[in-house]
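Below, chains carry the letters A, B, ... as their sequence lines are ordered, and counting in each starts from 1. Scope of the values below: all heavy atoms of this structure, side chains included, with no hydrogens, waters or symmetry mates.
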Amino acid sequence: MQINAIRGFSDILSEDAALWAEMENLAREVFGLYGFEEIRVPIVERTELFKRTIGDTTDIVEKQMYTFTDLKGDSLTLRPEGTAPVVRAYIENKLYTVPVQRLFYFGPMFRYERPQKGRYRQFHQIGAELLGELAPSSDAEVIQMLEIYLDRLGLKDKTIEINTLGCAACRPAYRDALLLFLKDKVEDLCENCQRRVEKNPLRALDCKSAKCIEATQNAPSTIDHACAECSEHFNGVKDTLEKMAVTFEINPRMVRGLDYYTKTAFEVTATGLGAQNSVAAGGRYDNLTKELSGPEVPCFGFAIGFERLAMLLNKENFNKAKKVVLIALGDDAVTAALKKGGTLDTLREAGLRVIFEHSEASVKSKMKKANKLGADYVLIIGEDELKEGTVTFKDMEKGEQVKTQLSDIIKMVKA
RNA sequence: GUGGGCGUAGCUCAGCUGGUUAGAGCGCCGGACUGUGACUCCGGAGGCCGGGGGUUCGAAACCCCUCGUCCACCCCA
């Protein structure tokens, strides 16, 4: 019986792995330009961490977590998201003794859902958290950083949407206003929303069904019900984004799935992701550190769905380094290739990606293998070349070959 | 958790209202071509038709169960 990967968990193979590496590298570069430093946190945390932060009644906590009891009897959970562990680490390591921390993370997250396009049980996020900054301009700067990153990856046709969710002061009043509005419209909502209107009325605003969109047309918005402080903050974010020439839309109906968000919420959407359309999302969470028994620190962050982002990018634009295959014929040529300071060392020291063809087969079959490997160029060293001090250089695409010095070959490959 | 589509060669798929040796294209291996791939030609290997049960003289096909997978709902990055 063959053993396969478990449902919703997948292998990232060569082509995708190369793309991922580039995506990671670029994130490190761009986030680094904004002063963000990497933090690596555990994949497993105490279950309580996620219950307290994400929210007891959210779907994630209620039915999507990989929770288990360890041998000691503690309840542990594979992290379903990255913000809570980062904030936990921030508090635990007293990183707040520095007034502002800029942290980013990358790694796998786990949610027990039915897999579909753009949704897997093990998926990856790269996220950034700015801890200790209250000013609305800091929200905008982080959004800008994300935009720059996505632009540099060549992501086309994305939309940035922002909204304000209010704070502890104004959110309850808004909820009441929305409930009042929905009260005599309940019958116009879709079945799902009818069912959950009491528990989570904000969801009706986010619902994709035509009925709900119609019924909630004139629903009160969080923006109109924002308190003075939230309203001022939201205006500040918008102003800064405009100054930065970041293109965004205001979506008063956008809500967040995690309970810890306050004030600014934003989302980057794109088409081509199937039923999913969110590539990245985030927002402000000013109460989270306190919730985890740390000092009160205002924070802003986001997470990018790595699989979703990779799906939108053109693989051909990445990993363009030329591939060279070296074929050596006869013991002397093999020695000349493999020995210290030999042909392979010389080529690799020059920065070329070289694959040595180890088999003892015929030139023909070595050439065949080189072709299968996707070689751009093949180098052949045999008795003749050894005597002359040259190497045969074949351009596999053009089908042309020349005999020349190794130094010329390095120049040609790099050209 | 709910719904729908799909499971046939390494891959993508065809296979009629059930009918006897299950096919194609691509890929793979070998040869034409013993220092040259890709192209061309010739030859070849490769299938518990996802698994189990049932109906039938006969099942890849029909029925039931099961597993897997994809997509959608839900939810989210």
Protein-nucleic acid N or O pairs under 3.5 Å, nucleotides 31-35 of chain B:
| unit_1 | atom_1 | unit_2 | atom_2 | d |
| --- | --- | --- | --- | --- |
| B/C33 | O2 | A/Lys364 | NZ | 3.4 |
| B/G35 | O6 | A/Glu383 | N | 3.4 |
| B/G35 | O6 | A/Asp384 | N | 3.3 |
| B/G35 | O6 | A/Glu385 | OE1 | 3.3 |
| B/G35 | N1 | A/Glu385 | OE1 | 2.9 |
| B/G35 | N1 | A/Glu385 | OE2 | 3.1 |
| B/G35 | N2 | A/Glu385 | OE2 | 2.7 |

Pick out the pairs of N or O atoms, protein on one side and nucleotides 39-50 of chain B on the other, that lie under 3.5 Å.
none

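Judged by atom type and distance alone, A/Arg119 does not reach the base of B/C71 through any side-chain donor-acceptor pair under 3.5 Å. One can find a donor-acceptor pair under 3.5 Å joining the base of B/G37 and the side-chain atoms of A/Lys394.
If you measure from atom CG of A/Asp59 to atom P of B/A77, you get 12 Å, rounded to the nearest angstrom. If you take CD of A/Glu113 and P of B/U69, they are 15 Å apart, rounded to a whole angstrom. The nearest whole Å value for the distance from the CZ atom in A/Phe9 to the P atom in B/G68 is 14 Å. Computed from coordinates, the A/Arg114 CZ to B/C76 P distance equals 18 Å when rounded to whole Å. Counting to the nearest Å, the P atom of B/C29 and the CG atom of A/Asn371 are 11 Å from each other. Protein atom OH of A/Tyr112 is 11 Å distant from nucleotide atom P of B/U2, rounded to whole Å. The interatomic distance linking A/Tyr66 (OH) with B/C76 (P) rounds to 18 Å, in whole Å. We find that CD of A/Glu62 is positioned 17 Å from P of B/C74, with the value rounded to whole Å.
Within the cation-pi definition used here (under 6.0 Å to the ring centroid, within 45° of the axis), A/Arg121 qualifies as a partner of A/Tyr112. Annotation: cation-pi geometry satisfied between A/Lys185 and A/Phe181 (NZ/CZ under 6.0 angstrom from ring centroid, within 45° of ring axis). No cation-pi contact links A/Arg284 to A/Phe300, judged by a cut-off of 6.0 Å to the six-membered ring centre and 45° from its axis.
Separation of the C1' atoms belonging to B/U55 and B/G18 is 11 Å when rounded to the nearest angstrom.
Applying the side chain to side chain donor-acceptor pair (under 3.5 Å) test to residues at least two apart or on different chains, none of the pairs has a partner in residues 321-336 of chain A. Among pairs with a residue in residues 31-42 of chain A, those fulfilling side chain to side chain donor-acceptor pair (under 3.5 Å) read A/Arg28-A/Glu38, A/Tyr34-A/Gln144, A/Glu38-A/Arg40, at least two apart in sequence or across chains.
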Quick one: the dot-bracket string of RNA chain B, using Watson-Crick and G-U wobble pairs with both distances under 3.5 Å, [ ] for crossing pairs and | for bases paired to another strand. (((((((..((((.....[...)))).(((((.......))))).....(((((..]....))))))))))))....
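Stacking of the aromatic ring of A/Phe123 onto the base of B/A77 is found: the ring centres lie under 5.5 Å apart and the planes are inclined by under 30°.
The 5' end of RNA chain B is approached more closely, in terms of each residue's nearest nucleotide, by A/Gln116 than by the other of A/Gln116 and A/Ile60.
In this structure, A/Met23 and A/Phe306 have side chains that are in contact, with non-hydrogen atoms separated by less than 4.5 Å.
For residues 260-281 of chain A, proximity to RNA chain B is found at A/Gly274, A/Ala275, A/Gln276, A/Ser278, A/Val279, A/Ala280, A/Ala281, defined as any non-hydrogen atom under 4.0 angstrom from a strand atom.
Contact annotation for A/Gly118: base contact, defined as any heavy-atom pair under 4.0 Å involving a base atom.
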